[in-house]
Amino acid sequence: MLLTISTTTRPATDLGFLLHKHPDRVQEFGQSFGTARVLYPEASEERCTAALMLEVDPVRLVRSRGRSSPDFSLGQYVNDRPYAASSMLAVALADVFRTARAGICKARPELAAGPVELEITVPALPCRGGPELAHQLFEPLGWQVEARAVPLDEGFPEWGDSRYVRLVLRGAVRLADALNHLYVMLPVLDDAKHYWIASDEVDKLVRAGEGWLASHPERGRITRRYLGRRRSLTHEAFARLAELGDDVEEELEPPIEEEPGAQAEPEAQEAAAEAVVPPGGEPPAQQEGGPERRPLNLLRRDAVVAVLAELGARSVIDLGCGSGGLVGELLRDPAFTKVTGVDVSARALALAARRLKLDRMPDARRERLELFQGALTYTDERFAGYDAAVLMEVVEHVDPPRLPALERVVFGDARPGTVIVTTPNSEYNVRYEFLTGMRHPDHRFEWTRAEFTAWAERVCREYGYRVAYRPVGDDDPEVGPPTQMGVFSRG
Ligand code: SAH
């Protein structure tokens, strides 16, 4: 099993620093299923290539399978697993290039932070869905994709193609992103995993997918396949992605369907049946259903819109608007005569413009809307003059020492009649079966109900507001609601 990573960004040998593997040495890393080696077939100023070779021990692989594995005698020993780039290669890649995948490089920090010219080759990649799928998955991430089906037997072209492709990706991509793309896509293309898909896979997916998965046009397919089509995990992943990217919600509304054609695709079923089960583990074919829930980000938006309508607000400024979900919803109601979205992130604003179809918006609606870039920790006169301001899931993204600046800018300087603040209730986190740590990698903190109340009350004392609390989502008798909301009124 082989994967090569080449660069032509000069000096190309800096690839050794980025990967934390010296070009002059062959290094070995033991894996539960075999041995991974990193070596450099070429290393010059102009071009440098690192190869990750994985030697799988099929006997060890069989031993690690559970008693419930299908007994296809010879098939257990003679199969494609030692040769085809699969989840085993993804696991080895994550292990061997752990630091690089986190984007850390003390020796060349600026190189690790930006795009480098890369060429990645995977000579034998199992691809259920054919070469076309490789294009659909990698192209939206900025790769130029060459995916060629490998013939079953070169001597007998009439036998047609195998399910393997030779994949070459070229592009100027940050190395850490490239490794994360591969880590997620290898098992997705293979549509199988060599190990039982446990609940921490959602975390792994959300982490590896940070910054690209939530806005990927094929995120549904990627998520379902990555999680072995286990519906409860897929639901959880979508909810977590919604927390991250907040523009996945359109897809969350209809019940999540199984992948179209999955039933008609015996190979896929076979792949699911092939998934390895630990002794006494759950059978992989099992799918959990459960009632469909309205995702939390939509419940939150409903709750904010309801409060604004109740208070009769006419002009609203959404501070930290992200990709503009709330702004779009408010524009739909003509009672809101002025709707403004502000965010510090240019990327978020570009997403918002696309999602709101700004270029095709009818004039009457366009006149009610304003979108601009701004930072909430600096006084900005453009924030003033609104009936209401919304800080939906924003305060927890601000470093605690900067929070007083935001308080002053919003409650002291802009001073709208109403400020609506929503933020996660950290007590509720125990109810997320698959969550480890905070709900979002960018959260600087998450407050308990007592912490939120203490903050809100201090802000009221300092700036002359009153606050009322409203739970959002299922209000758990023990730990409270998933989202807490404070409605602040001036005077
Ligand atoms: N309100 C949206 C987005 C929440 S994510 C929603 O609920 O769906 C948090 C957003 O706050 C991000 O888009 C981030 O770019 C923005 N943000 C974080 N710190 C900010 C700051 N100091 N100034 C302006 N926007 C900020």
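Position 1 is the first residue of the sequence, and the numbers go up from there. For ligands, and for the atoms within them, numbers begin at 1 and follow the listed sequence.
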Report, in ascending order of atom number, the atoms of ligand 1 lying under 4.0 Å from any heavy atom of [X].
X      : answer
Gly374 : 23 (N), 24 (C)
Ser345 : 15 (O)
Met392 : 1 (N), 2 (C), 4 (C), 6 (C), 7 (O)

Got an N/O contact under 3.5 Å between [X] and ligand 1?
X      : value
Val394 : no
Leu376 : yes
Gly320 : yes

Quiz item: cation-pi between Arg490 and Tyr465, 6.0 Å / 45°: no
For the residue pair Arg415 and Phe488, would you count it as a cation-pi contact if the rule is NZ or CZ under 6.0 angstrom from the ring centre and within 45 degrees of the ring axis? no
Would you call the rings of Trp212 and His216 parallel, tilted or perpendicular if under 30° counts as parallel and over 60° as perpendicular? perpendicular
Ligand 1 contacted by Ala375 (non-hydrogen, < 4.0 Å): yes
Residue-ligand contact Asp343/ligand 1, heavy atom below 4.0 Å: yes
Between Glu478 (side chain only) and Tyr428 (backbone N and O only), is there a donor and an acceptor less than 3.5 Å apart? no
Pairing residues for Asp475 by the salt bridge (charged side-chain N to carboxylate O under 4.0 Å, His left out) criterion, not counting sequence neighbours: none
Partner of Thr234 under side-chain contact (heavy atoms from CB on, under 4.5 Å), chosen from Leu227, Leu205, Val202: Leu227
Heavy atoms only: which of Thr377, Val342, Thr422, Val344 is nearest to atom 24 (C) of ligand 1? Val344
Using distance only, find each side-chain donor-acceptor pair of residues 134-142 under 3.5 Å and give its atom names and separation, not counting sequence neighbours.
unit_1	atom_1	unit_2	atom_2	d
His135	ND1	Glu139	OE2	2.8
Gln136	OE1	Arg221	NH2	2.8

